[in-house]
Amino acid sequence: DPEKDAHIIKKCEELRVHIEELTIYNQQAEVLDTIAEVVLMFLNNPYTIRNRFMNFLFLGAAGTGKTTMVRQISKVFVSAGMFVFDTVREAGRGEFIAPYEGQTVGRTTDYLKNSLDHGVIFIDEAYSITTWKDGQCDGYGQESTSAIVDFMTKFKGLYCLMAAGYQKEMRRYFLPANPGLDRRFT
């Protein structure tokens, strides 16, 4: 079918262009290799990503291109056919933390579930979700990170969650807030 062939050729060209645009991050070879591996795995067998956590952690100083890279990776995933929409659903503390303790789980879960159609969910400055006092993560942060871990487990392969922030703060405040986070981010 010539119409179908033309569509496939167009999609392949889109994928090639978006992968080429991603190569400007050639100093991030590990990230590029991982993205290429995920896309190739999906193209060979779309069901394989259903058994894989597709969560990425971007650590670095301000202005290093974390957000731009997330948006570009989203374009690659969409052009490969992994997700429908090429919009990145961006979030921060306000989308996860509720005004009162006990409401945060619902708020976090609702936001994440409502973001499933977008495919890529991006939490910028993820460490801001968790605030610490006297060596303990506060109740809001614990509720939110528990809901995030639960979401990551239940909907594995249906989304891609990317979190970014400064390296020191992410390692000190975000990842330790819930032991499940460290195992779910590559």
same_hphob_cluster([X], [Y]) at 4.5 Å side-chain heavy-atom cutoff:
| X | Y | result |
| --- | --- | --- |
| Leu40 | Leu15 | no |
| Leu116 | Tyr111 | yes |
| Val39 | Val78 | yes |
| Leu43 | Val76 | yes |
| Ile121 | Met170 | yes |

Quick one, [X] and [Y] - any side-chain contact, counting heavy atoms below 4.5 Å?
| X | Y | result |
| --- | --- | --- |
| Lys75 | Gln72 | yes |
| Ile49 | Met54 | yes |
| Tyr159 | Ser115 | no |
| Ile123 | Met162 | no |
| Phe122 | Leu161 | no |
| Val88 | His118 | no |
| Ile73 | Phe58 | yes |

*asked:* Determine whether Val120 and Arg89 satisfy the following criterion, side-chain contact (heavy atoms from CB on, under 4.5 Å), listing intermediate values before the conclusion.
replied: CA-CA 6 Å; Val120 176; Arg89 190 84 193 268; over 6 Å; no

List for me each residue that meets salt bridge (Lys or Arg N to Asp or Glu O under 4.0 Å) alongside [X], sequence neighbours excluded, and say none if there are none.
| X | value |
| --- | --- |
| Arg107 | none |
| Lys113 | none |
| Glu14 | Lys11 |

*Verify side-chain contact (heavy atoms from CB on, under 4.5 Å) between Leu175 and Leu57, making sure each step is shown before the conclusion.*
CA-CA 10 Å; Leu175 292 175; Leu57 200 58; 3.7 Å; yes

Residues forming a side chain to side chain donor-acceptor pair (under 3.5 Å) with [X], sequence neighbours excluded:
| X | value |
| --- | --- |
| Thr145 | none |
| Ser128 | none |
| Glu90 | Arg71 |
| Thr153 | Arg184 |

_Test of ring centre spacing under 6.0 Å for Phe56 and Phe185_ = no

*How about Phe151 and Phe155: are their ring centres within less than 6.0 Å of each other?*
yes

*After noting the C-alpha distance and the side-chain angles of Asn178 and Ile148, does the key distance pass the side-chain contact (heavy atoms from CB on, under 4.5 Å) rule?*
CA-CA 10 Å; Asn178 186 302; Ile148 291 169; over 6 Å; no

Donor-acceptor under 3.5 Å ([X] side chain, [Y] main chain):
| X | Y | value |
| --- | --- | --- |
| Arg93 | Ile129 | yes |
| Tyr140 | Thr131 | no |
| Lys66 | Ala61 | yes |
| Thr104 | Ala98 | yes |
| Thr109 | Gly106 | no |

Sorted by first residue and then second, give each salt bridge (Lys or Arg N to Asp or Glu O under 4.0 Å) pair with at least one member in [range]; sequence neighbours left out.
| range | answer |
| --- | --- |
| residues 17-29 | Arg16-Glu20 |
| residues 23-49 | Glu37-Arg52 |
| residues 133-156 | Asp150-Lys154 |
| residues 168-179 | none |

*What pairs meet the ring pair (Phe, Tyr, Trp, His ring centres under 6.0 Å) rule with one or both residues in residues 12-49, with sequence neighbours excluded?*
none

*Test side-chain contact (heavy atoms from CB on, under 4.5 Å) applied to Ile35 and Val31, step by step*: CA-CA 6 Å; Ile35 299 307; Val31 173; 4.2 Å; yes

_Working note: Thr108 + Ser144, criterion side chain to side chain donor-acceptor pair (under 3.5 Å); need CA distance, chi angles, decisive distance, verdict._
CA-CA 6 Å; Thr108 300; Ser144 184; 3.2 Å; yes

_Separation of Cys12 SG from His7 NE2 (nearest 0.5 Å)_ = 9.5 Å

*If you take all heavy atoms of Cys137 and Thr130, which pair is closest and at what distance?*
SG-CB, 3.8 Å

